[in-house]
Visitor: 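Attaching a single structure in structure tokens format; questions to follow.
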Amino acid sequence: MKKKGEKIIILKNVSKYYYLGENVVKAVDGININVEKGSFVAVMGPSGSGKSTAMNLVGSLDVPTHGHIFLDGENISEMNESDLAQLRGKHVGFIFQQFNLIPTLTVKENIMLPMSLQDIDEYEKEERVMELLKKVDLLDRAEHYPNQVSGGEQQRVAIARALANDPPVILADEPTGNLDTHTGERVMDVLKRLNQEGKTIVMVTHSPELAKEYADIIYWLKDGKIEKITTRKSKSMKKVGKWKGD
Amino acid sequence: MNYFRFAFRNLRKKGVRSWLTLLGIFIGILAVVSLITLGNAMKVAVTSQFGAGNTEVITIQAGGLQYGPPGSFVTKPLTTEDAEAIKRISSVEFAVGRNIKTGKFEYNGILEIGSAISVPEGYEREVYEILDDVEIEYGRLLESGDSGKVVLGYNFYDGKTNSFGKDIVPGRTVLINDEKFEVAGILKKKGSLLYDWTVFIYEDELNELMGNDGDSVDMIEAKIKSKDLMDRAEEEIEKLMRQRRNVDAGEEDFSVTTPEATLETVNSVLGAIQAFIIIIASISILVGSIGIVNTMTTSVLERTKEIGIMKSVGARNSQIFSQFFIESGFLGLVGGIFGAFFGILIGYIGTLAINNWLGSGIGFQIDYILIFFTLIGSFLIGAIAGITPAMQAAKQNPVEALRG
């Protein structure tokens, strides 16, 4: 359950620069974000604002050029690739716009994949995959391949996969971007339920409606910097230089 | 992480391209397995052909070195006097002049061309001893005074396989160059085409049948007193024959051959054939492994996104490496399995063919140790070919890989 105030993700003055010849592209430029455990966070912004880069950094898919990132108390800026992979596998579940399922594996095997990578024994895997299939209502699709199920179903497979190792944090990058409104709502409902069950959700989106409806707090990014932060209570937009809790 | 299941799934999905990649390894392994299986069978077969006789016998032939029944183009034939002279060498126990002639053999109205080997009267025991204890299957061996009789090799006996459509048993009459002969006996099988399909006939009768002058012989076989004396006897016979034929050393118009020399020659020919096929097999395997490198590199490029996904759900670099490494090894292994299977099949068919051709009875055996190491080897070749692509896959940046 939620423990008020406990920070599960901390970004301290984090920058990510890409060097293209002599040009420096500042994808993320000195941002500070604190995510409370159990909260639902939305990261908003136009394309090129650095929101996906920020999410990759939080999810330890990428390492920052400057600054420090703490995920569940661990400083990921100081980890090697192998430790990062381990951390990702156990602490973070990714949900992508493109679903990103592996086409040669069945629905069930896709969901099992994160567990297989953590060497969880067969019996436990089997038990948990059944639980997850039930949770996302896909028991009858277990032996299908991704191309044999609908987009909404694929995204639910991806959600189940994200939950495979029961990570505290779910990162969703435009989770409804490839889905129609109705299917998108169903996916969002699943995320909402997960949040109510205690998972911390960080969602990248360019839809203000979606962000306002589901998130507790919204970070608005522009040109790699945080432009403003909106909280659910006020729903008003206030200019932010630095996040208060920092 | 079940790499093997994953690997198999990927290979199956790729379909035709996977199979084409396997071809190189398949052909290489096929060549290796069938070659070794057949080579061993050939060695047994050839050894039994040439090694059917007594190992203490030295063979002297006119003309250059040649195997099989000596041809008619031998310019200066050996004579019975040569045999007598060789017999007087101290290390020689006895020497017999032999004629091997080709002629017509008829039975049950069916005509075949066959070879007959002469037995000088009074030398029956010696001839059989040269063949290393010839044993009789039916009837009896030729004995002094047996004119008008012949002894046949084992392959003449069975009506189902002898092409005469009827069993030939002792007491029956056969026609050799249109002359009647009574079958005295059938020899036990020796596993040698040379003897199992041969008619043993008295020398005088053979000469008469073939219009031979009675003095010249096709070869002389000399039984040496003991194995230790073989080298000395060989030298002495050569020296004697040079004198008798009035030629200098190095210009011999005759050959003196020991059983070892014969086998050595045969083995070196077989060895050369084996070496040649092994070189071809190696090239095929090399090309095959380059094919695997190519396929795996393409596969890494195609599956960049998949690598990104794997990494995003917690795959370590080592796990990505293992996945591609094992998949590559698997490609090699599948090629090896098919190669080994068809290699054994070819070996089996080949052995049957050799048996059929030479009338020998070589047993077919699957060399399980060979198969085991072939399969391990084909997996390793595949895996080694996959090292570089697998490393490329492992070191992909997850964010870039996810973009595909």
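FYI, side chains are in, hydrogens and waters are out, and symmetry mates aren't considered; it's all heavy atoms of this structure. All chains are named by letter (A, B, ...) in the order of the sequence lines, taking the proteins before the strands, and each is independently numbered beginning at 1. Source: prediction; values computed, not measured.
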Visitor: In terms of heavy-atom proximity below 4.5 Å to chain B, should A/Leu101 be classed as side chain, backbone, both, or neither?
Guide: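 Only the backbone of A/Leu101 comes within 4.5 Å of chain B.
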Visitor: Write down the atom of A/Leu117, the atom of B/Gly314, and the distance for their closest heavy-atom approach.
Guide: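 A/Leu117 and B/Gly314 have their closest heavy atoms at CD1-C, 4.0 Å.
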Visitor: Any side-chain heavy atom of B/Lys395 within less than 4.5 Å of one from A/Glu81?
Guide: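 No; the side chains remain at least 4.5 Å from each other.
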Visitor: Please tell me if the side chains of A/Arg161 and B/Ile309 come closer than 4.5 Å, counting only heavy atoms from C-beta onward.
Guide: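 Yes, side chains in contact.
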Visitor: With a 4.5 Å limit on heavy-atom distance, are the side chains of A/Ile102 and B/Met310 in contact?
Guide: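 Counting from C-beta outward, A/Ile102 and B/Met310 do come under 4.5 Å.
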Visitor: Check whether any side-chain heavy atom of B/Leu402 lies under 4.5 Å from a side-chain heavy atom of A/Phe96, and answer yes or no.
Guide: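 Heavy-atom side-chain distance check passes, below 4.5 Å.
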Visitor: Do other residues, nucleotides or ligands put more than 12 heavy atoms under 6.0 Å from the OH atom of A/Tyr123?
Guide: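 Counting other residues, nucleotides and ligands, OH of A/Tyr123 stays at 12 neighbours or fewer.
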Visitor: Pick from A/Met115, A/Met112, A/Lys90, A/Glu109: which one has the most heavy-atom pairs with chain B under 4.5 Å?
Guide: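 Counting heavy-atom pairs under 4.5 Å, the top option is A/Glu109.
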Visitor: With side chains defined as the heavy atoms from C-beta onward, is the minimum distance between A/Asn100 and B/Lys305 less than 4.5 Å?
Guide: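 Side chain of A/Asn100 against side chain of B/Lys305, heavy atoms only: contact under 4.5 Å found.
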Visitor: For the pair A/Arg88 (side chain) and B/Lys311 (backbone), establish whether a donor and an acceptor sit closer than 3.5 Å, ignoring hydrogens and angles.
Guide: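 Indeed, once roles are kept as given, a pair shorter than 3.5 Å links the two residues.
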Visitor: Tell me whether the count of non-hydrogen atoms from other residues, nucleotides or ligands lying under 6.0 Å of CZ in B/Phe330 goes above 12.
Guide: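 Enclosed: over 12 neighbouring heavy atoms sit under 6.0 Å from CZ of B/Phe330.
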Visitor: So for atom NE2, which belongs to A/His206, do other residues, nucleotides or ligands contribute more than 12 heavy atoms lying within a distance under 6.0 Å?
Guide: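 Not buried by this count: 12 neighbours or fewer within 6.0 Å.
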Visitor: If you count every heavy atom of other residues, nucleotides or ligands that lies below 6.0 Å from B/Phe276 atom CZ, does the total exceed 12?
Guide: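 Check fails, neighbour count at 12 or below.
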Visitor: Looking at B/Met391, I'd like to know if its CE atom is crowded, meaning that more than 12 non-hydrogen atoms belonging to other residues, nucleotides or ligands lie closer than 6.0 Å.
Guide: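 Incorrect, the count does not exceed 12.
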Visitor: Has B/Phe372 got more than 12 heavy atoms of other residues, nucleotides or ligands less than 6.0 Å from its CZ?
Guide: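 It does not: B/Phe372 CZ has 12 such atoms or fewer within range.
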Visitor: Which bit of A/Tyr145 is near chain B, if near means a heavy-atom gap under 4.5 Å: side chain, backbone, both or neither?
Guide: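 For A/Tyr145, side-chain heavy atoms alone lie under 4.5 Å from chain B.
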Visitor: Locate the shortest heavy-atom distance separating A/Phe94 from B/Ser312; write the atom from each residue and the value.
Guide: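 Smallest interatomic distance, heavy atoms only, reads CD1-O, 3.3 Å.
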Visitor: What closest approach, in Å, do A/Ala85 and B/Ala315 show between heavy atoms, and which atom pair accounts for it?
Guide: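 Smallest heavy-atom distance, with atoms named: CB-O, 3.4 Å.
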Visitor: Could you give the distance from CD (A/Gln98) to CZ (B/Arg403), rounded to the nearest 0.5 Å?
Guide: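 Between A/Gln98 CD and B/Arg403 CZ, I get 13.0 Å after rounding to 0.5 Å.
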Visitor: How many angstroms lie between CG in A/Leu61 and CD in B/Glu400, if you round to the nearest 0.5 Å?
Guide: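 A/Leu61 CG to B/Glu400 CD: 12.0 Å, rounded to 0.5 Å.
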